[in-house]
Amino acid sequence: MQRTELAELGEFALIKHLTQALPKHNDTTILGVGDDAAVVAYPPEMQTLLTTDLLLEGIHFDLTYTPLKHLGYKAAIGSFSDIYAMGGHPQQLTASIGVSARFALEDLEELYAGLRLACDRYGVDLVGGDTSASLTGLCISITCLGMVEKGQAILRSGAKPTDLICVSGSLGAAYMGLQLLEREKRVFAGEKEGFNPDFAEREYILERQLKPEARQDILLALRGAGIRPTSMIDSSDGLASELLHIATESGVGVRIYEDRLPIDHETALMAEELHMSTTTVALNGGEDFELIFTVPLAQLDELRTLEGIRIIGHITEASAGCFLVAPDGTELRLIAQGWPQEQAEQA
Ligand code: ADP
Ligand code: MG
(Lines give C-alpha, C1' and ligand atoms only; values in the text may rest on other atoms or scores of the structure.)
(Ligands and ions follow the chains in the order given, each with its own letter.)
Protein backbone atom coordinates (compact mmCIF):
# COMPACT_ATOMS: atom_id res chain seq x y z
CA MET A 1 0.00 0.00 0.00
CA GLN A 2 1.09 3.53 -0.71
CA ARG A 3 2.47 5.47 2.22
CA THR A 4 2.60 9.25 2.26
CA GLU A 5 4.50 10.60 5.26
CA LEU A 6 2.63 13.28 7.18
CA ALA A 7 5.82 15.35 7.36
CA GLU A 8 5.82 15.61 3.56
CA LEU A 9 2.47 17.40 3.62
CA GLY A 10 2.65 19.72 6.59
CA GLU A 11 -0.25 20.58 8.87
CA PHE A 12 -2.23 22.89 6.61
CA ALA A 13 -2.17 20.60 3.58
CA LEU A 14 -3.13 17.69 5.81
CA ILE A 15 -6.15 19.50 7.28
CA LYS A 16 -7.19 20.64 3.84
CA HIS A 17 -6.93 17.13 2.48
CA LEU A 18 -8.89 15.52 5.31
CA THR A 19 -11.66 18.08 5.34
CA GLN A 20 -12.17 18.66 1.63
CA ALA A 21 -15.70 18.58 0.21
CA LEU A 22 -17.50 18.06 3.51
CA PRO A 23 -21.25 17.98 2.99
CA LYS A 24 -23.67 20.09 5.02
CA HIS A 25 -26.67 18.27 6.46
CA ASN A 26 -28.16 20.80 8.86
CA ASP A 27 -29.52 24.34 8.61
CA THR A 28 -28.09 24.88 12.10
CA THR A 29 -24.62 24.81 10.56
CA ILE A 30 -23.84 28.30 9.29
CA LEU A 31 -20.10 27.89 8.75
CA GLY A 32 -18.02 24.71 8.91
CA VAL A 33 -14.30 24.00 8.62
CA GLY A 34 -11.94 26.71 7.42
CA ASP A 35 -12.08 29.67 9.77
CA ASP A 36 -10.98 30.23 13.36
CA ALA A 37 -14.26 28.81 14.63
CA ALA A 38 -17.38 27.24 13.21
CA VAL A 39 -20.68 29.16 13.35
CA VAL A 40 -23.89 27.44 14.43
CA ALA A 41 -27.37 28.80 15.10
CA TYR A 42 -30.19 26.91 16.82
CA PRO A 43 -33.86 27.90 16.75
CA PRO A 44 -35.01 29.84 19.85
CA GLU A 45 -37.24 26.98 21.05
CA MET A 46 -34.23 24.67 21.32
CA GLN A 47 -31.52 24.11 23.89
CA THR A 48 -27.98 23.11 23.01
CA LEU A 49 -26.46 19.79 24.07
CA LEU A 50 -22.71 19.41 24.21
CA THR A 51 -20.71 16.23 24.79
CA THR A 52 -17.05 15.36 24.45
CA ASP A 53 -14.98 12.14 24.48
CA LEU A 54 -11.28 11.42 24.60
CA LEU A 55 -9.96 8.22 23.00
CA LEU A 56 -6.38 7.15 23.59
CA GLU A 57 -4.54 4.37 21.80
CA GLY A 58 -3.77 1.49 24.15
CA ILE A 59 -6.43 2.62 26.62
CA HIS A 60 -9.62 2.91 24.59
CA PHE A 61 -8.68 1.15 21.38
CA ASP A 62 -6.15 -1.32 20.02
CA LEU A 63 -5.09 -0.87 16.41
CA THR A 64 -3.93 -4.50 16.15
CA TYR A 65 -7.52 -5.46 15.46
CA THR A 66 -9.39 -2.19 15.05
CA PRO A 67 -9.33 -0.89 11.47
CA LEU A 68 -8.97 2.90 11.44
CA LYS A 69 -12.14 3.35 9.47
CA HIS A 70 -14.07 1.48 12.15
CA LEU A 71 -12.37 3.50 14.83
CA GLY A 72 -13.51 6.74 13.20
CA TYR A 73 -17.04 5.44 12.81
CA LYS A 74 -17.22 4.23 16.39
CA ALA A 75 -15.76 7.44 17.81
CA ALA A 76 -18.54 9.43 16.15
CA ILE A 77 -21.25 6.92 17.12
CA GLY A 78 -20.24 7.14 20.79
CA SER A 79 -20.84 10.86 20.82
CA PHE A 80 -24.13 10.66 18.87
CA SER A 81 -25.28 8.07 21.38
CA ASP A 82 -24.74 10.57 24.22
CA ILE A 83 -26.90 13.14 22.45
CA TYR A 84 -29.67 10.58 21.78
CA ALA A 85 -29.51 9.52 25.44
CA MET A 86 -30.54 13.10 26.30
CA GLY A 87 -33.46 12.85 23.88
CA GLY A 88 -31.74 15.19 21.44
CA HIS A 89 -30.59 15.45 17.83
CA PRO A 90 -26.85 15.56 17.05
CA GLN A 91 -26.02 18.41 14.65
CA GLN A 92 -22.30 19.20 14.57
CA LEU A 93 -19.12 17.31 15.37
CA THR A 94 -15.50 18.30 15.80
CA ALA A 95 -12.64 15.82 15.66
CA SER A 96 -9.22 16.62 17.08
CA ILE A 97 -6.34 14.27 16.54
CA GLY A 98 -2.82 13.78 17.84
CA VAL A 99 -0.75 11.53 15.55
CA SER A 100 2.75 10.12 15.76
CA ALA A 101 5.06 9.60 12.78
CA ARG A 102 3.98 5.95 12.72
CA PHE A 103 0.85 7.07 10.89
CA ALA A 104 0.73 7.99 7.23
CA LEU A 105 -1.73 10.13 5.31
CA GLU A 106 -3.45 6.96 4.11
CA ASP A 107 -4.15 5.95 7.73
CA LEU A 108 -5.80 9.28 8.49
CA GLU A 109 -7.82 9.01 5.29
CA GLU A 110 -9.24 5.76 6.65
CA LEU A 111 -10.01 7.34 10.03
CA TYR A 112 -11.78 10.24 8.34
CA ALA A 113 -13.66 7.91 6.00
CA GLY A 114 -15.18 6.33 9.11
CA LEU A 115 -15.97 9.67 10.71
CA ARG A 116 -17.56 10.92 7.50
CA LEU A 117 -19.61 7.76 7.05
CA ALA A 118 -21.06 8.07 10.55
CA CYS A 119 -21.77 11.77 10.03
CA ASP A 120 -23.51 11.11 6.71
CA ARG A 121 -25.62 8.26 8.11
CA TYR A 122 -26.76 10.25 11.13
CA GLY A 123 -27.01 13.62 9.40
CA VAL A 124 -24.31 15.39 11.39
CA ASP A 125 -21.91 18.04 10.08
CA LEU A 126 -18.16 17.75 10.67
CA VAL A 127 -17.38 21.42 11.37
CA GLY A 128 -13.88 21.50 12.79
CA GLY A 129 -11.13 20.05 14.88
CA ASP A 130 -7.48 20.38 15.66
CA THR A 131 -4.44 18.53 14.37
CA SER A 132 -1.17 17.98 16.15
CA ALA A 133 1.84 15.70 16.12
CA SER A 134 2.17 13.39 19.12
CA LEU A 135 5.22 11.59 20.49
CA THR A 136 3.57 8.20 20.58
CA GLY A 137 0.39 6.74 19.25
CA LEU A 138 -2.93 8.14 18.19
CA CYS A 139 -5.35 10.16 20.26
CA ILE A 140 -8.72 11.40 19.16
CA SER A 141 -11.01 13.85 20.83
CA ILE A 142 -14.59 14.13 19.60
CA THR A 143 -17.00 16.86 20.54
CA CYS A 144 -20.61 16.78 19.44
CA LEU A 145 -23.22 19.52 19.55
CA GLY A 146 -26.88 18.68 19.49
CA MET A 147 -30.23 20.22 20.22
CA VAL A 148 -33.34 19.36 22.17
CA GLU A 149 -36.66 21.15 22.66
CA LYS A 150 -36.44 23.57 25.60
CA GLY A 151 -36.82 21.78 28.93
CA GLN A 152 -37.24 18.40 27.23
CA ALA A 153 -33.78 16.92 27.77
CA ILE A 154 -34.19 13.46 29.31
CA LEU A 155 -31.96 13.34 32.38
CA ARG A 156 -30.67 10.55 34.59
CA SER A 157 -32.50 12.13 37.50
CA GLY A 158 -36.16 11.70 36.53
CA ALA A 159 -36.93 8.06 37.42
CA LYS A 160 -39.81 7.47 39.90
CA PRO A 161 -40.79 4.39 41.92
CA THR A 162 -42.99 1.97 39.89
CA ASP A 163 -41.52 3.22 36.56
CA LEU A 164 -40.64 0.38 34.19
CA ILE A 165 -36.97 -0.11 33.34
CA CYS A 166 -36.42 -0.72 29.61
CA VAL A 167 -33.44 -1.63 27.43
CA SER A 168 -33.16 -1.47 23.65
CA GLY A 169 -31.45 -4.20 21.61
CA SER A 170 -29.21 -6.67 23.38
CA LEU A 171 -26.53 -6.45 26.06
CA GLY A 172 -22.98 -7.73 26.37
CA ALA A 173 -22.39 -8.33 22.66
CA ALA A 174 -19.75 -5.63 22.18
CA TYR A 175 -17.86 -6.93 25.20
CA MET A 176 -17.90 -10.47 23.84
CA GLY A 177 -16.63 -9.12 20.51
CA LEU A 178 -13.79 -7.44 22.37
CA GLN A 179 -12.93 -10.60 24.30
CA LEU A 180 -12.85 -12.58 21.06
CA LEU A 181 -10.53 -10.05 19.42
CA GLU A 182 -8.27 -9.97 22.48
CA ARG A 183 -8.09 -13.75 22.51
CA GLU A 184 -7.21 -13.97 18.83
CA LYS A 185 -4.64 -11.23 19.29
CA ARG A 186 -2.90 -13.35 21.93
CA VAL A 187 -3.09 -16.41 19.66
CA PHE A 188 -1.54 -14.48 16.79
CA ALA A 189 1.13 -12.73 18.86
CA GLY A 190 4.48 -13.78 17.47
CA GLU A 191 3.09 -15.25 14.25
CA LYS A 192 4.67 -13.83 11.13
CA GLU A 193 1.57 -13.99 8.96
CA GLY A 194 -0.13 -11.21 10.92
CA PHE A 195 -3.60 -10.92 12.33
CA ASN A 196 -5.98 -12.98 10.22
CA PRO A 197 -8.14 -15.25 12.36
CA ASP A 198 -11.32 -17.05 11.37
CA PHE A 199 -14.35 -15.19 12.64
CA ALA A 200 -17.09 -17.26 10.99
CA GLU A 201 -20.40 -17.14 12.89
CA ARG A 202 -19.07 -14.43 15.16
CA GLU A 203 -20.16 -11.61 12.88
CA TYR A 204 -22.74 -10.17 15.22
CA ILE A 205 -20.51 -9.74 18.27
CA LEU A 206 -17.66 -8.44 16.12
CA GLU A 207 -19.89 -5.93 14.45
CA ARG A 208 -21.18 -4.81 17.83
CA GLN A 209 -17.60 -4.17 18.93
CA LEU A 210 -16.17 -2.78 15.70
CA LYS A 211 -19.14 -1.11 14.07
CA PRO A 212 -21.76 -0.16 16.65
CA GLU A 213 -24.78 2.00 15.87
CA ALA A 214 -26.44 4.71 17.96
CA ARG A 215 -30.15 4.17 18.72
CA GLN A 216 -31.72 7.13 16.98
CA ASP A 217 -34.38 4.68 15.77
CA ILE A 218 -35.48 3.89 19.34
CA LEU A 219 -35.80 7.57 20.17
CA LEU A 220 -37.98 8.11 17.09
CA ALA A 221 -40.10 5.04 17.89
CA LEU A 222 -40.69 6.26 21.46
CA ARG A 223 -41.68 9.65 20.17
CA GLY A 224 -44.00 8.08 17.61
CA ALA A 225 -45.73 6.06 20.35
CA GLY A 226 -46.16 9.15 22.52
CA ILE A 227 -43.79 7.88 25.19
CA ARG A 228 -41.49 10.28 27.00
CA PRO A 229 -39.03 8.39 29.23
CA THR A 230 -38.69 9.79 32.75
CA SER A 231 -34.95 9.09 32.68
CA MET A 232 -32.47 7.80 30.12
CA ILE A 233 -28.80 6.89 29.73
CA ASP A 234 -26.82 5.06 27.05
CA SER A 235 -25.00 1.85 27.90
CA SER A 236 -21.35 2.66 27.46
CA ASP A 237 -20.04 1.25 30.76
CA GLY A 238 -22.42 -1.67 31.25
CA LEU A 239 -26.01 -2.05 32.44
CA ALA A 240 -25.25 -2.33 36.17
CA SER A 241 -23.11 0.78 36.19
CA GLU A 242 -25.67 2.78 34.16
CA LEU A 243 -28.59 1.71 36.36
CA LEU A 244 -26.66 2.75 39.44
CA HIS A 245 -26.20 6.19 37.85
CA ILE A 246 -29.96 6.46 37.37
CA ALA A 247 -30.58 5.23 40.93
CA THR A 248 -28.14 7.74 42.43
CA GLU A 249 -29.24 10.70 40.33
CA SER A 250 -32.96 9.96 40.76
CA GLY A 251 -32.76 8.96 44.44
CA VAL A 252 -34.48 5.62 43.78
CA GLY A 253 -33.86 1.87 43.92
CA VAL A 254 -33.73 -0.62 41.05
CA ARG A 255 -35.10 -4.13 40.66
CA ILE A 256 -34.25 -6.04 37.49
CA TYR A 257 -34.90 -9.67 36.63
CA GLU A 258 -32.18 -11.98 35.37
CA ASP A 259 -34.46 -13.87 32.99
CA ARG A 260 -35.50 -10.57 31.36
CA LEU A 261 -32.00 -9.50 30.30
CA PRO A 262 -31.79 -9.33 26.49
CA ILE A 263 -28.84 -11.50 25.46
CA ASP A 264 -28.15 -12.50 21.88
CA HIS A 265 -27.36 -16.08 20.92
CA GLU A 266 -23.78 -15.32 19.77
CA THR A 267 -23.12 -13.43 23.00
CA ALA A 268 -24.27 -16.41 25.06
CA LEU A 269 -22.17 -18.85 23.00
CA MET A 270 -19.05 -16.73 23.31
CA ALA A 271 -19.56 -16.31 27.06
CA GLU A 272 -19.92 -20.06 27.44
CA GLU A 273 -16.76 -20.65 25.44
CA LEU A 274 -14.87 -18.23 27.68
CA HIS A 275 -16.38 -19.75 30.84
CA MET A 276 -18.03 -16.47 31.73
CA SER A 277 -21.54 -16.08 33.09
CA THR A 278 -23.86 -14.56 30.47
CA THR A 279 -25.51 -12.56 33.23
CA THR A 280 -22.19 -11.01 34.28
CA VAL A 281 -21.47 -10.22 30.64
CA ALA A 282 -24.88 -8.58 30.17
CA LEU A 283 -24.55 -6.62 33.43
CA ASN A 284 -21.01 -5.38 32.98
CA GLY A 285 -20.14 -5.49 29.29
CA GLY A 286 -19.55 -1.99 27.94
CA GLU A 287 -19.91 -0.16 24.64
CA ASP A 288 -23.24 -1.57 23.55
CA PHE A 289 -24.55 1.97 22.98
CA GLU A 290 -28.06 0.78 23.71
CA LEU A 291 -30.56 3.06 25.44
CA ILE A 292 -31.56 2.29 29.03
CA PHE A 293 -34.61 4.24 30.14
CA THR A 294 -37.56 4.37 32.49
CA VAL A 295 -41.21 4.77 31.52
CA PRO A 296 -44.26 5.36 33.74
CA LEU A 297 -46.21 2.16 34.40
CA ALA A 298 -49.29 3.85 32.94
CA GLN A 299 -47.61 3.71 29.50
CA LEU A 300 -47.17 -0.06 29.49
CA ASP A 301 -49.65 -0.55 26.64
CA GLU A 302 -47.91 1.97 24.38
CA LEU A 303 -44.57 0.41 25.27
CA ARG A 304 -45.77 -3.02 24.26
CA THR A 305 -46.47 -1.82 20.71
CA LEU A 306 -42.74 -1.16 20.16
CA GLU A 307 -40.25 -3.66 18.80
CA GLY A 308 -36.71 -4.12 20.01
CA ILE A 309 -37.36 -2.94 23.55
CA ARG A 310 -37.31 -5.22 26.59
CA ILE A 311 -38.79 -4.37 29.99
CA ILE A 312 -36.26 -5.76 32.46
CA GLY A 313 -37.60 -4.55 35.79
CA HIS A 314 -38.87 -1.56 37.68
CA ILE A 315 -37.85 1.36 39.86
CA THR A 316 -38.34 1.10 43.64
CA GLU A 317 -37.94 3.38 46.65
CA ALA A 318 -34.28 4.14 47.38
CA SER A 319 -34.48 2.22 50.66
CA ALA A 320 -35.13 -1.02 48.71
CA GLY A 321 -31.64 -0.81 47.14
CA CYS A 322 -30.50 -1.96 43.69
CA PHE A 323 -30.88 -5.67 42.95
CA LEU A 324 -30.89 -8.30 40.27
CA VAL A 325 -33.45 -11.03 40.96
CA ALA A 326 -32.63 -14.56 39.77
CA PRO A 327 -35.40 -16.92 38.54
CA ASP A 328 -35.31 -18.75 41.90
CA GLY A 329 -35.87 -15.49 43.76
CA THR A 330 -32.26 -15.03 44.90
CA GLU A 331 -31.26 -11.37 45.02
CA LEU A 332 -27.88 -10.07 43.94
CA ARG A 333 -26.85 -6.52 44.81
CA LEU A 334 -25.85 -4.52 41.72
CA ILE A 335 -22.31 -3.17 41.75
CA ALA A 336 -20.55 -1.04 39.18
CA GLN A 337 -17.61 -2.86 37.68
CA GLY A 338 -17.01 -0.15 35.16
CA TRP A 339 -15.22 -0.46 31.92
CA PRO A 340 -12.72 -0.62 30.12
CA GLN A 341 -10.79 -1.63 33.20
CA GLU A 342 -9.36 -4.73 31.63
CA GLN A 343 -8.10 -3.05 28.52
CA ALA A 344 -6.49 -0.31 30.57
CA GLU A 345 -4.75 -2.83 32.77
CA GLN A 346 -3.37 -4.69 29.79
CA ALA A 347 -2.08 -1.57 28.10
P1 ADP B 1 -6.25 27.18 14.42
O2 ADP B 1 -4.83 27.59 14.27
O3 ADP B 1 -7.20 28.32 14.58
O4 ADP B 1 -6.43 26.07 15.41
P5 ADP B 1 -6.19 25.25 12.31
O6 ADP B 1 -5.23 25.55 11.25
O7 ADP B 1 -5.84 24.22 13.34
O8 ADP B 1 -6.66 26.60 12.99
O9 ADP B 1 -7.57 24.77 11.67
C10 ADP B 1 -8.10 25.39 10.52
C11 ADP B 1 -9.49 24.89 10.30
O12 ADP B 1 -9.45 23.48 10.10
C13 ADP B 1 -10.42 25.12 11.46
O14 ADP B 1 -11.70 25.36 10.92
C15 ADP B 1 -10.40 23.82 12.19
O16 ADP B 1 -11.61 23.60 12.89
C17 ADP B 1 -10.23 22.82 11.06
N18 ADP B 1 -9.51 21.61 11.48
C19 ADP B 1 -8.25 21.51 11.95
N20 ADP B 1 -7.90 20.25 12.21
C21 ADP B 1 -8.99 19.50 11.90
C22 ADP B 1 -9.28 18.12 11.97
N23 ADP B 1 -8.40 17.22 12.42
N24 ADP B 1 -10.51 17.71 11.58
C25 ADP B 1 -11.43 18.59 11.15
N26 ADP B 1 -11.22 19.89 11.06
C27 ADP B 1 -10.01 20.38 11.43
MG1 MG C 1 -5.68 24.20 15.30
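Start at 1 and go down the list; that is how both ligands and their atoms are numbered.
- When non-hydrogen atoms are compared, ligand 1 lies under 4.0 Å from the side chain of Ile15 (C-beta onward) but not from its backbone.
- A distance-only check finds a donor-acceptor pair linking the side chain of Asp125 to the backbone of His25 [under 3.5 Å].
- Between Leu244 and Val254 there is no side-chain heavy-atom pair separated by less than 4.5 Å.
- Across Ser132, Ala37, Gly34, Gly128, heavy-atom proximity to atom 14 (O) of ligand 1 is greatest for Gly34.
- Within the 4.0 Å heavy-atom shell around ligand 1 one does not find Ser96.
- The side-chain contact (heavy atoms from CB on, under 4.5 Å) with Met176 is formed by just one residue from the set Asp264, Thr267, Leu181; it is Thr267.
- Contact analysis puts Asp35 in contact with ligand 1, with a non-hydrogen atom separation below 4.0 angstrom.
- Those atoms of ligand 1 that come under 4.0 Å of a heavy atom in Val33, given as number and element, are 12 (O), 14 (O), 17 (C), 26 (N).
- Side-chain contact between Leu111 and Lys69 is absent, with no heavy atoms from C-beta onward closer than 4.5 Å.
- Summary of contacts: the protein heavy atom closest to atom 22 (C) of ligand 1 is Tyr112 OH, 3.1 Å.
- Contact annotation for atom 26 (N) of ligand 1: protein present (non-hydrogen atoms, distance under 4.0 Å).
- In terms of protein heavy atoms, atom 15 (C) of ligand 1 is closest to Gly129 O, 3.4 Å.
- Nearest protein neighbour of atom 6 (O) of ligand 1, counting heavy atoms only, is Phe12 CE2, 3.6 Å.
- Looking at Asp130, its N, O or S atom nearest to the Mg ion (ligand 2) turns out to be OD1.
- Close N/O approach between Leu126 and ligand 1 is not found [any backbone or side-chain N/O within under 3.5 Å].
- At a threshold of 4.5 Å between non-hydrogen side-chain atoms, the residues Asp288 and Tyr175 do not count as touching.
- Atom numbering of ligand 1 starts at 1 in the shown order; those under 4.0 Å from a heavy atom of Glu11 are 7 (O).
- For atom 20 (N) of ligand 1, the closest non-hydrogen atom of the protein is Thr131 OG1, 2.8 Å.
- Under 3.5 Å, the side chains of Thr230 and Asp163 contain a donor-acceptor pair of N or O atoms.
- Checking Thr279 against Glu258 by side-chain atom types alone, a donor-acceptor pair falls below 3.5 Å.
- Contact annotation: for Thr19 versus ligand 1, heavy atoms closer than 4.0 Å belong to the side chain alone.
- For atom 8 (O) of ligand 1, no protein heavy-atom neighbour is found at a distance under 4.0 Å.
- Residues Glu207 and Glu203 fail the side-chain proximity criterion, which asks for heavy atoms closer than 4.5 Å.
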#### Entry: Evaluation steps, salt bridge (Lys or Arg N to Asp or Glu O under 4.0 Å), between Glu290 and Arg215
CA-CA 6 Å; Glu290 295 294 349; Arg215 299 313 302 264; 2.8 Å; yes
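- Taking the side chain as every heavy atom from C-beta outward, Thr28 and Gln92 approach each other to under 4.5 Å.
- In this structure, atom 1 (P) of ligand 1 has no protein heavy-atom contact shorter than 4.0 Å.
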